[in-house]
Every structure is written in structure tokens, then in C-alpha cells.
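To start, the structure itself, in C-alpha cells.
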Amino acid sequence: MKIHEYQAKNLFSFYGIPVEQHILCHNEDEALLAYTELRMEKVMIKAQVLTGGRGKAGGVKTARNADEVMNYTRSMLQMKINELPVTRVLVSEAVNIDSEFYLSFSIDRKNRSVIMMLSSEGGVEIEDVAKYAPENIYRINIDPFIGMPDYVARRIAFFLFDDMDLVNQMVQILQNLYQLFIDKDASLAEINPLVLTEEGNLIALDAKMTFDDYALYRQEDICFFSEPTEEEEMELQAKAKGFNYVCLTGDIGCMVNGAGLAMATMDMIKLNEGCPANFLDIGGSSNPKKITEAMKILLQDDRVKVILVNIFGGITRCDDVANGLLNACELLHADIPVIVRLTGTNEDEAKLLLRTSNFLVANTMNEAVRMAVIQSIKAG
Ligand code: GDP
Ligand code: MN
């Protein structure tokens with residue numbers, strides 16, 4: 001799960017990591033008020049959006065008077081960055097930058113530990129530094145049993161600074177950021193840029209954090225920051241009901257069992273020049289009630305013009321699935337075409353059950369996919 005810069009900066013402040021003064025604003029009036037409150041001539045306006053590349057997209061601007069504050073805020077609030085609308089901006093103190101650094105903690109799966117990355121080339125994309133000047137990135141794996149005691153933090157800090165005051169500031173930032181990372185089950189904590197101001201202070205000028213979704217059950221305060229998109233919302237609802245559900249961009253809703261069959265179904269649809277709207281994996285169960293629930297989820301998405309049910313019955317019993325589908329049909333009054341291909345355990349019983357229904361029954365996967373694509377073309 002990602003959080004906004006302002007949310008990450010709140011966490012930073014709580015953990016004693018210095019950030020610049022900032023005020024969150026939802027409209028021009030709030031921005032103007034924030035500008036007066038900050039009592040500074042020069043401020044930064046920063047779009048808050050859960051995606052990278054904000055600066056390049058025009059989402060970071062320096063404003064030098066009240067008019068600029070209003071104008072930049074207005075135009076940013078009309079912007080979309082990577083398809084995501086900007087609904088808030090941060091009005092913040094413009095800092096006098098002496099130099100910019102990069103600092104992050106993330107998970108190194110290969111070494112099964114947290115990895116710290118540090119670079120004197122901050123403010124630019126770290127991927128570019130990794131490509132063109134990899135020697136300028138200092139990496140160190142953090143031993144989970146040792147963590148970030150003074151001597152480790154000091155050794156790292158000396159990599160950037162030899163002035164003792166700066167080393168001490170850096171040690172605090174390293175220890176606090178590491179603690180925050182561990183406490184909150186983060187998968188990334190990144191400060192880019194970490195700046196040295198002309199006044200000699202180290203400040204986190206940007207803040208990016210993501211958290212392990214599987215640990216959210218024990219991170220109540222982090223869950224509070226959650227802002228799922230409409231699609232993520234649907235995926236979460238499905239997950240709560242025990243389904244794996246993935247939103248895609250097309251118009252064919254797919255009910256399958258097993259990830260492998262899901263992938264094969266997606267491939268076949270694409271091969272036939274159709275486009276899946278999603279796939280919903282019912283897993284191993286074939287409880288008719290669950291099938292009805294699954295249909296409900298598929299029908300919720302109004303982009304879905306056709307439903308393709310592709311089930312391979314092993315433990316899953318085809319007649320159970322058929323009963324669930326019939327049940328769903330009665331309950332939900334779906335008026336879109338539903339193509340059904342059931343094969344395996346109790347296949348014949350299933351076909352018998354579906355004989356008098358409105359479902360379009362196919363005998364093979366190929367046939368089913370073709371029927372689905374044809375129906376989607378008709379509907380479109
Ligand atoms: P990003 O594009 O989303 O990473 O946005 P950042 O918040 O990291 O800002 C991008 C760049 O804008 C930074 O690397 C700085 O060079 C510049 N910048 C941001 N805030 C300030 C500031 O307060 N003062 C100055 N002088 N530059 C800033
Ligand atoms: Mn940045």
C-alpha cells in the first residue's frame with residue numbers, strides 16, 4: 001500500500017526525522033491561507049498523488065507571491081498524473097538547497113534482509129543513477145539481529161560527511177528512518193532528495209513510503225491512510241470474500257478456477273482479439289453460494305458486457321458450479337450473455353442442469369472464448 005508524501009512526512013515528524021514546514025490544502029482558498037500562515041515570500045506547491053514522476057509532470061512548483069500560489073494550486077488541482085487526479089496539494093516552505101542526497105530502506109529478497117541505499121546524487125531518479133553511475137550508490141544490507149545501532153549508523157554517515165555536526169544529524173535520520181521502516185512493516189522508505197540546506201541542516205524534502213499489504217492487519221494507523229482506487233476497492237471486496245480478483249481494462253468478465261487456467265483464458269481471449277475486463281478465481285471450492293457471490297462481483301463492474309465461465313472440475317464439482325450459476329441467474333437477473341464451459345468432475349450432470357437455462361454452453365475452451373469475443377463485439 002502506498003501513502004501520500006504528506007502522510008509519510010507526518011510519520012517522519014513523529015519519528016523525529018526533520019521535514020520542512022508544510023500545510024495540506026484542498027483548494028485555492030486553503031492554499032492562500034496556508035501562504036499567509038507560513039509567512040514566507042517563496043513557497044513550494046506540491047501535488048499529492050500516489051504515483052512517481054510528479055516533478056517532471058509539473059506537479060512541483062515554486063510560488064513567489066499570492067497570485068502564483070493560487071494559480072499553481074488551481075492548475076495542479078485540475079491535473080492528472082499517470083491517470084490519477086490530483087485532489088490535494090502541499091504548500092510548503094521553500095528550502096535553500098546546498099546539496100541533494102538519496103536515502104532509502106527497502107527489502108532485499110535475495111539477501112533476505114533490509115537494504116539501505118545511499119547516494120550523493122539525490123533529486124534525480126535513482127534508477128538513472130543505478131544505470132549511469134552505479135558506483136555512486138552505496139548499498140548495505142542491514143542485519144535484522146543488529147539493526148541500526150550507533151556504530152553502524154556512524155559508519156554509513158561518514159560515507160557522506162566528515163563534519164561531525166552533519167554526521168550526528170545523519171545518524172539520527174538513519175536510526176529513526178530504520179525504526180519507522182521496521183515498526184510499520186514498510187517495504188520502502190525513501191527520501192529523495194534528502195537535502196543539506198544552506199543553513200547547514202539535513203531535511204527530508206520528499207518522502208515516499210509503501211507498506212506490506214500482508215502486514216496491514218497489524219498496522220491500524222497505516223490502514224487509516226488507505227485510499228484505494230475504485231478498482232482496488234473492488235479487488236479488496238472480492239478478497240474479503242475469499243476470491244482472487246484482478247481488474248483489467250476490457251469488457252469480458254471471467255470466472256475461472258486456478259491461476260494457471262486464468263492465465264490461459266486471458267491468453268486465449270487476447271489471441272481471439274478480445275479483451276478481458278477482469279478475472280475472478282473461485283479457487284478450489286464449488287459451493288453454489290460462493291459461485292453466486294462470484295457472479296455478483298463480476299456483474300458489479302459495468303464495463304463487463306459478457307461473462308465467460310471457464311471451469312476445470314477436479315475437486316471442484318461442475319454440477320455445484322452449474323447450480324450456483326442457476327441460482328445467481330435467478331437472484332441477480334443478469335441481462336448480459338453468459339458463456340459457460342465446464343469440464344471434469346460431474347460434467348454431464350452440469351450440462352443436464354444447464355440445458356434449459358439461458359446460458360450459452362460451450363464444449364471446449366476454444367469454442368467458449370470465441371463465443372465470448374463474438375458476444376462482446378455484438379454488445380460493443
Ligand atoms: P518529485 O518529482 O515527486 O520527486 O518531487 P520532489 O519533492 O522530490 O521535488 C523535486 C525537486 O524539486 C527536488 O529534487 C528539488 O530539486 C526541487 N525542490 C523541491 N522542493 C524544493 C525546495 O523547497 N527548494 C528548492 N530550492 N528546490 C526544491
Ligand atoms: Mn522526490
Side-chain angles (χ1 to χ4, degrees), residues 2-13 17-25 31 34-35 37-65 68-69 72-73 75-77 79-106 116-133 136-137 160 169 173 177 180-181 186-210 227:
K2 293 180 190 164
I3 62 173
H4 288 289
E5 174 194 11
Y6 77 89
Q7 297 168 327
K9 280 185 171 165
N10 285 352
L11 288 170
F12 281 14
S13 292
I17 300 161
V19 297
E20 85 288 10
Q21 287 189 65
H22 60 266
I23 299 171
L24 182 71
C25 301
Y35 181 61
E37 215 167 297
L38 284 173
R39 294 166 179 273
M40 286 162 196
E41 201 182 315
K42 218 169 72 174
V43 296
M44 304 299 295
I45 313 288
K46 299 185 178 185
Q48 299 298 291
V49 66
L50 296 175
T51 177
R54 159 182 73 159
K56 270 188 201 152
V60 177
K61 293 253 195 269
T62 312
R64 288 176 182 81
N65 56 51
E68 285 186 2
V69 169
Y72 289 146
T73 303
S75 65
M76 272 185 212
L77 289 173
M79 243 161 72
K80 272 189 173 182
I81 302 181
N82 291 335
E83 301 292 309
L84 296 173
V86 178
T87 58
R88 279 150 288 182
V89 300
L90 213 54
V91 175
S92 63
E93 169 192 1
V95 170
N96 301 315
I97 299 180
D98 175 271
S99 35
E100 302 183 75
F101 307 96
Y102 174 95
L103 170 65
S104 74
F105 290 100
S106 56
M116 185 226 58
M117 288 198 262
L118 184 63
S119 175
S120 52
E121 292 193 36
V124 294
E125 301 208 359
I126 195 67
E127 289 81 1
D128 291 340
V129 183
K131 213 165 166 184
Y132 302 111
N136 289 350
I137 303 177
L160 286 188
Q169 289 187 47
I173 291 173
L177 190 62
L180 167 60
F181 183 92
S187 38
L188 173 74
E190 184 187 71
I191 306 179
N192 187 23
L194 170 69
V195 302
L196 171 59
T197 65
E198 286 174 1
E199 297 76 20
N201 302 313
L202 285 179
I203 289 186
L205 205 53
D206 194 4
K208 194 171 175 184
M209 288 198 78
T210 58
E227 283 175 23

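Read the numbers this way: they start at 1 and go in the same order the structure lists the ligands and their atoms.
Annotation: ligand 1 has protein neighbours M44, K46, R54, G55, V60, E93, A94, V95, I97, E100, G123, N192, P193, L205, D206, each with a heavy atom less than 4.0 angstrom from the ligand.
Of all protein N/O/S atoms, those under 2.8 Å from the Mn ion (ligand 2) are N192 O, D206 OD2, and waters are not counted.
When I203, L177, I173 are each tested for a side-chain contact (heavy atoms from CB on, under 4.5 Å) with L194, only one passes: I173.
Here CZ of R54 is found 12.5 Å from CG of N82. Values are rounded to the nearest 0.5 Å.
E190 approaches Y102 most closely through the heavy-atom pair OE2-OH, 2.7 Å.
Of the possible polar contacts, one joining the S119 side chain to the N136 backbone as a donor-acceptor pair under 3.5 Å is found.
For T87, there are no side chain to side chain contact (heavy atoms under 4.5 Å, CB included) partners at least two apart in sequence or on another chain.
For CD of E199, the number of neighbouring non-hydrogen atoms (other residues, nucleotides, ligands) closer than 6.0 Å is greater than 12.
Evaluation of the salt bridge (Lys or Arg N to Asp or Glu O under 4.0 Å) test over residues 96-105, restricted to residues two or more places apart or in two chains, returns none.
The shortest distance between side-chain heavy atoms of L103 and L118 falls below 4.5 Å.
A salt bridge does not link K131 with E127: none of the charged nitrogens is closer than 4.0 Å to a carboxylate oxygen.
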